[in-house]
S.K.: 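The structure follows.
To find a chain, count down the sequence lines: A is the first, B the second, and so on, and within it residues start at 1.
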2 protein chains.
Amino acid sequence: MKNVTIQDIANEAQVSKSTVSRVLNSSSPVHPDKRRAILEVTQRLGFQPNVVARSLSKGRSMTIGALTQNIGSPFYDAISQGVITGLGDTGYSPIFVDGRWQPKIEVGAIKALLGRRVDGLILIGGTMPVDELNELCGDLPTIIVGRQVANTHCIYTDNIDGGYLATKLLIEHGHREIAFIRGIAHHPDVIDRFQGYKNALHEADIELNKSLVIDGDFTSESGVQAIETLESRKQSFTAVFAANDTTAFGARLALYRRNLRVPEDVSIVGFDDQAEAAFMAPPLTTIRQPARRMGTLASSALLGLIDGAPFQSQSFQGELKIRESVSRPSSSHQ
Amino acid sequence: MKNVTIQDIANEAQVSKSTVSRVLNSSSPVHPDKRRAILEVTQRLGFQPNVVARSLSKGRSMTIGALTQNIGSPFYDAISQGVITGLGDTGYSPIFVDGRWQPKIEVGAIKALLGRRVDGLILIGGTMPVDELNELCGDLPTIIVGRQVANTHCIYTDNIDGGYLATKLLIEHGHREIAFIRGIAHHPDVIDRFQGYKNALHEADIELNKSLVIDGDFTSESGVQAIETLESRKQSFTAVFAANDTTAFGARLALYRRNLRVPEDVSIVGFDDQAEAAFMAPPLTTIRQPARRMGTLASSALLGLIDGAPFQSQSFQGELKIRESVSRPSSSHQ
DNA sequence: TTGTACGCGTTATCAC
DNA sequence: GTGATAACGCGTACAA
């Protein structure tokens, strides 16, 4: 059951392998009779062109490398899914590697991709500085998703605006003591969302109260923890803006345990609009990032770059998804 | 900035390319001096071995194909993640393709993988009959995950037992009117979980009430819908067993909208133990499937198969994760 | 220990 | 329109 090659077909059809190659790629005209014969044999033998050999010969591997950070984050996962579907049946296939948010592993992973002669790179999240990246990848077509980096092709969400939108919504509902559970403090997305939070506060003449700002790590556990921290500080609050939906879920659970109702006692806004957000009880008001679309856009943009088309970095505005986790504050508690 | 080859190194280091190849693979001893020189040049030129060429030469592509069904299901996603991490830095990289639960697309996707001369296959879910699979893949090492197929190497969960465990827990708490929101009725997992449900009922001398069994499609929407169907049927129930956690979330939301408390008025058990289950309010009691572990096991098992090691199909028992969504029924409602 | 020569399966460049 | 023949980059018998 060995793999059949174009040479086998050539023998069987009594032609040279060049002719076989020609009909298979319709690269130049071939006599109809031979053509038919070749096609028939190809079918009969169940020939599958060897992509590896083709890659070597053409200098194009028809693969694109995708670097994820495997944070287990629904957001990044959704982007990855978008990449897979976006590549669909373009002939390109994605190879996934995992950087685990660790620069050293990330470098190794990219090198592995380079060794496979990928035709392009999609970097999903990640921490590598751009100059180091250029050093590593030279002029390999690259799209960065979910991260804003100057002088690169990237696709990202406007996190400042998102943070602003979320906070402003709460302010408009009459909240003034708005806790912010941010993720890892030095994460660029977090910095921006925090900036948006501060901007909205400033605009409403509400002074920033640092004891309303709790660090977290994007997990639900950190959401639970954050509420506990607030309570232990005896910090009163009527609303929570969580760095992402996952965190919001944790916060919602902690509130539930304390018999605080959402939204009557405490309002919550999340970030991402991950699949489960719409089915939280109550459904979570959140800032939607079009993760899957960002993934599909990344792959089509990358294919464009490979073909020499230009690409302008694109930012998406977070979209406020108003559901049921926000209302006017009844009376501040604690 | 063209790619440097072993020939370049050979020229630079004044040796033949075979010698270069030897030190790079330490396939046979080389004089220390030359060895050092070659290594130095390799470093200096930033040489990256061309995996494509190596694949062609050795007949091993060092890639494994992963077929997902991209159902967006947390369960299958987690398996995929497990596959990626399981491959880690083994030198093998995964190529992902998407079958979308459509047999025709699935065949095409597998053919694409075959064309890339993957050294092995990991099938995550999927619908293809085993004989068709053999027809297609011949004796290519293959692991099937999340599906039980005779005469193959597969890794799956015992869904009958899982369904039984979930139902029995509810029965033990005194429930007798237990709704079952099953997924797509003909899905093999669903059939098994349903069997487990019936077994537990039978064991407790509870007659199967068909109007307590609602079809769904594994989505949260279908969970909402199922509760509405039950209500419209005026079917009383004190507990719900959902085909998966995602469905359970929807059910929980529908209950919330009807001011039915969980678990005081209605108990819920899910299936999967996806990440969000532990942070539902209240935390969801569910049957845990070790999805990530199944993924990592799949990759290590596959590498084993490739190296000629045997593999015995492995089933995991679903693990009952008792949390807070189940209690004794107070009084049946409706 | 080292170099030469060939093969892996395809595409591309020649002549005819 | 067609068939040799040389790449593509690497591994590896074989000979030296």
S.K.: Does a sphere of radius 6.0 Å around CZ in A:Arg147 hold more than 12 heavy atoms from other residues, nucleotides or ligands, not counting ones at 6.0 Å or beyond?
M.R.: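 Yes, the 6.0 Å shell around CZ holds more than 12 heavy atoms from other groups.
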S.K.: Return no unless some side-chain N or O of A:Ser16 is found under 4.0 Å from OP1 or OP2 of D:dG3.
M.R.: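 A:Ser16 to D:dG3 OP1/OP2: side-chain N or O found under 4.0 Å.
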S.K.: Let me know, please, whether B:Leu56 or B:Val15 comes out on the 5' side of the other along DNA chain C by nearest nucleotide.
M.R.: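 Between the two, 5'-proximity favours B:Val15.
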S.K.: Could you give the CD-to-C1' distance, from B:Gln48 to D:dG9, as a whole number of Å?
M.R.: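 From B:Gln48 CD to D:dG9 C1': 14 Å.
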S.K.: Check every nucleotide of DNA chain C for an atom under 4.0 Å from a heavy-atom of chain A, then give the first and the last such nucleotide from 5' to 3'.
M.R.: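 Listed 5' to 3', the contact boundaries are C:dG9 to C:dA12.
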S.K.: So what does B:Ser21 touch, heavy atoms closer than 4.0 Å: a base, only the sugar-phosphate, or nothing?
M.R.: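 Since a base atom lies under 4.0 Å of B:Ser21, the category is base.
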S.K.: Measuring only between side-chain heavy atoms, which start at C-beta, is A:Leu133 closer than 4.5 Å to A:Leu123?
M.R.: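 Yes. Closest side-chain heavy atoms under 4.5 Å.
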S.K.: Could you tell me whether the side chains of A:Asp98 and B:Gln81 share a donor-acceptor contact shorter than 3.5 Å?
M.R.: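 No, B:Gln81 and A:Asp98 have no side-chain donor paired with an acceptor closer than 3.5 Å.
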S.K.: Between B:Ser18 and A:Lys17, name the one whose nearest nucleotide on DNA chain D is closer to the 5' end.
M.R.: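 Its nucleotide being nearer the 5' end, the pick is A:Lys17.
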S.K.: Is the closest side-chain heavy-atom distance between B:Tyr156 and B:Asp189 below 4.5 Å?
M.R.: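 No, every pair of side-chain atoms sits at 4.5 Å or beyond.
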S.K.: Can you tell me how far apart CD1 (B:Ile124) and CD1 (B:Ile143) are? Round to the nearest 0.5 Å.
M.R.: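 The CD1 atom of B:Ile124 sits 11.5 Å away from the CD1 atom of B:Ile143.
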S.K.: Whole-Å distance between D:dG9 C1' and B:Gln7 CD?
M.R.: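 So the two atoms are 10 Å apart, to the nearest Å.
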S.K.: Counting only side-chain heavy atoms from C-beta out, which of D:dG3, D:dG11, D:dC10 sits nearest to B:Ala53?
M.R.: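 Closest nucleotide to the B:Ala53 side chain: D:dC10.
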S.K.: In whole Å, I'd like the distance from the CG atom of B:Asn50 to the C1' atom of D:dA7.
M.R.: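 Spelled out: CG on B:Asn50 to C1' on D:dA7 is 14 Å.
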S.K.: Counting distance alone, no hydrogens or angles: does the base of D:dG9 have a donor or acceptor under 3.5 Å from a partner atom on the side chain of A:Arg117?
M.R.: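 Between D:dG9 and A:Arg117, which were checked side chain against base, a qualifying N/O pair under 3.5 Å is absent.
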S.K.: From C-beta outward on B:Arg54, which listed nucleotide comes closest to its side chain: D:dG1, D:dT2, D:dC10?
M.R.: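 So the side chain of B:Arg54 is nearest to D:dC10.
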S.K.: Roughly, in whole Å, what's the span from CZ in A:Arg36 to P in D:dG1?
M.R.: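 Nearest whole value for this atom pair: 15 Å.
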S.K.: Where each residue is assigned the nucleotide of DNA chain C containing its nearest heavy atom, which of B:Lys58 and B:Pro29 is assigned the position nearer the 5′ end?
M.R.: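 Comparing both residues, the 5'-ward one is B:Pro29.
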S.K.: Please step through side chain to side chain donor-acceptor pair (under 3.5 Å) for the pair B:Ser93 and A:Arg116, ending with a clear verdict.
M.R.: CA-CA 9 Å; B:Ser93 307; A:Arg116 290 180 178 280; 2.9 Å; yes
S.K.: Write down the distance between CZ (A:Arg116) and C1' (D:dC10), rounded to a whole number of angstrom.
M.R.: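 It is 15 Å, rounded to the nearest whole Å.
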S.K.: Could you tell me whether B:Lys34 contacts a base, only the sugar-phosphate backbone, or nothing, with contacts defined as non-hydrogen atoms closer than 4.0 Å?
M.R.: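 Sugar-phosphate, backbone atoms only, no base.
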